[in-house]
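Throughout, numbering of the chain's residues begins at 1 and tracks the sequence.
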Amino acid sequence: MIKAYSKFLDILEKIQRAILTVSVPAMVLIMFYQVVMRYVFHNSPAWSEELVRYLFIFNVMMAAAIAVRRNSHLQIDIVLNALKPHMRRIFTICATTVGLVFLVYLFILSLELVRSGAPNTSAGLGLPMSIPYTCVPIGTALMVLTSIEVILKNIQELADEKKGGTAV
């Protein structure tokens, strides 16, 4: 079960990485365009800064999900490294569960944010604000999915330890 779930998340991560591979250089090019327009032609388009801001927020949310999966978020390594592997797994399960509860709550609130943003439009692009706001529920949903994988893998490793098998 965990292997199938991980394969599903592998596919999602490849999609996220592909989106990031396109959107990060696009952000750089749009910002370069804006700087040239502002300082050379003294005519900066309003949409460019706004679009880069929305792309940046969306990229951060997607990259955060990848970081959860890779255990790359900021943490106090000295505490984790001081623990034995068994206790480290238990600590990771507990900490990730607390984070998961927060993410589920954030996801619920973000749905209301998207709903409430629909009547408003962005100044530069003229988009309904619900469109840029969707990065929050998408990002939190991805982080929920990856947090579940982290918890399941650590539970599996604990179960393997009890069976006397080697835990990876």
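Thr121 places none of its side-chain heavy atoms less than 4.5 Å from the side chain of Met129. At least one side-chain heavy atom of Leu158 sits under 4.5 Å from a side-chain heavy atom of Ile93. For the pair Leu20/Ile66, a side-chain contact is recorded, criterion being any heavy-atom separation below 4.5 Å from C-beta on. Taking the side chain as every heavy atom from C-beta outward, Pro137 and Val114 approach each other to under 4.5 Å. At least one side-chain heavy atom of Glu49 sits under 4.5 Å from a side-chain heavy atom of Arg38. Side chains of Ile138 and Met61 form no contact here, defined as non-hydrogen atoms less than 4.5 Å apart. Within the 4.5 Å cutoff, the side chain of Thr134 has no heavy atoms near those of the Phe58 side chain. Taking 4.5 Å as the limit, every side-chain heavy atom of Asn71 sits out of range of all side-chain heavy atoms of Val150.
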Discussion item. Please evaluate residues Thr92 and Asn154 with respect to the criterion side chain to side chain donor-acceptor pair (under 3.5 Å), reporting the C-alpha separation (whole Å), side-chain torsions for both, the decisive distance (0.1 Å), and the verdict.
Written reply: CA-CA 8 Å; Thr92 300; Asn154 278 282; 4.6 Å; no
Fill in: CA sep, side-chain torsions, deciding dist, call: Lys162, Glu157, salt bridge (charged side-chain N to carboxylate O under 4.0 Å, His left out)
CA-CA 9 Å; Lys162 280 192 175 185; Glu157 289 172 0; over 6 Å; no
Discussion item. Would Val101 and Tyr105 count as a side-chain contact (heavy atoms from CB on, under 4.5 Å) here? Give the steps.
Written reply: CA-CA 6 Å; Val101 169; Tyr105 181 67; 5.8 Å; no
Could you give the side-chain donor-acceptor pairs of residues 40-47 under 3.5 Å, partners two or more places apart or in another chain?
unit_1: Ser44; atom_1: OG; unit_2: Gln34; atom_2: NE2; d: 3.4

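Nearest heavy-atom pair across Gln16 and Ala65 is NE2-CB, 3.7 Å. A pairwise comparison of heavy atoms in Met143 and Leu103 identifies CB-CD1, 3.6 Å as the closest pair. Closest heavy-atom contact between Ser110 and Val136: CB-CG1, 3.3 Å. Taking every heavy atom of both residues into account, Asn120 and Ser116 meet most closely at ND2-O, 3.8 Å. Across every non-hydrogen atom of Leu113 and Tyr133, the tightest pair is O-CD1, 3.5 Å.
For the atom pair OG (Ser48) and CE (Met37), the distance works out to 8.5 Å, reported to the nearest 0.5 Å. For the atom pair CE of Met62 and CD1 of Ile15, the computed distance is 10.5 Å after rounding to the nearest 0.5 Å. The distance from atom OG of Ser23 to atom CG of Leu55, rounded to the nearest 0.5 Å, is 6.0 Å.
Among Arg69, Lys7, Lys3, the single residue meeting the salt bridge (charged side-chain N to carboxylate O under 4.0 Å, His left out) criterion with Glu149 is Arg69. Screening Leu100, Leu142, Leu152 for a side-chain contact (heavy atoms from CB on, under 4.5 Å) with Ser147, the sole residue that qualifies is Leu100.
Side-chain atoms of Arg88 come within 3.5 Å of backbone N or O of Leu80 as a donor-acceptor pair. In this structure a side-chain-to-backbone donor-acceptor pair under 3.5 Å is missing from Thr140 to Leu106. In terms of modelled atom types and a separation under 3.5 Å, the side chain of Tyr5 and the main chain of Leu145 share a donor-acceptor contact.
Following chains of ILVMFWY side-chain contacts shorter than 4.5 Å, one can reach Phe32 starting from Tyr54, so the two form part of one hydrophobic cluster.
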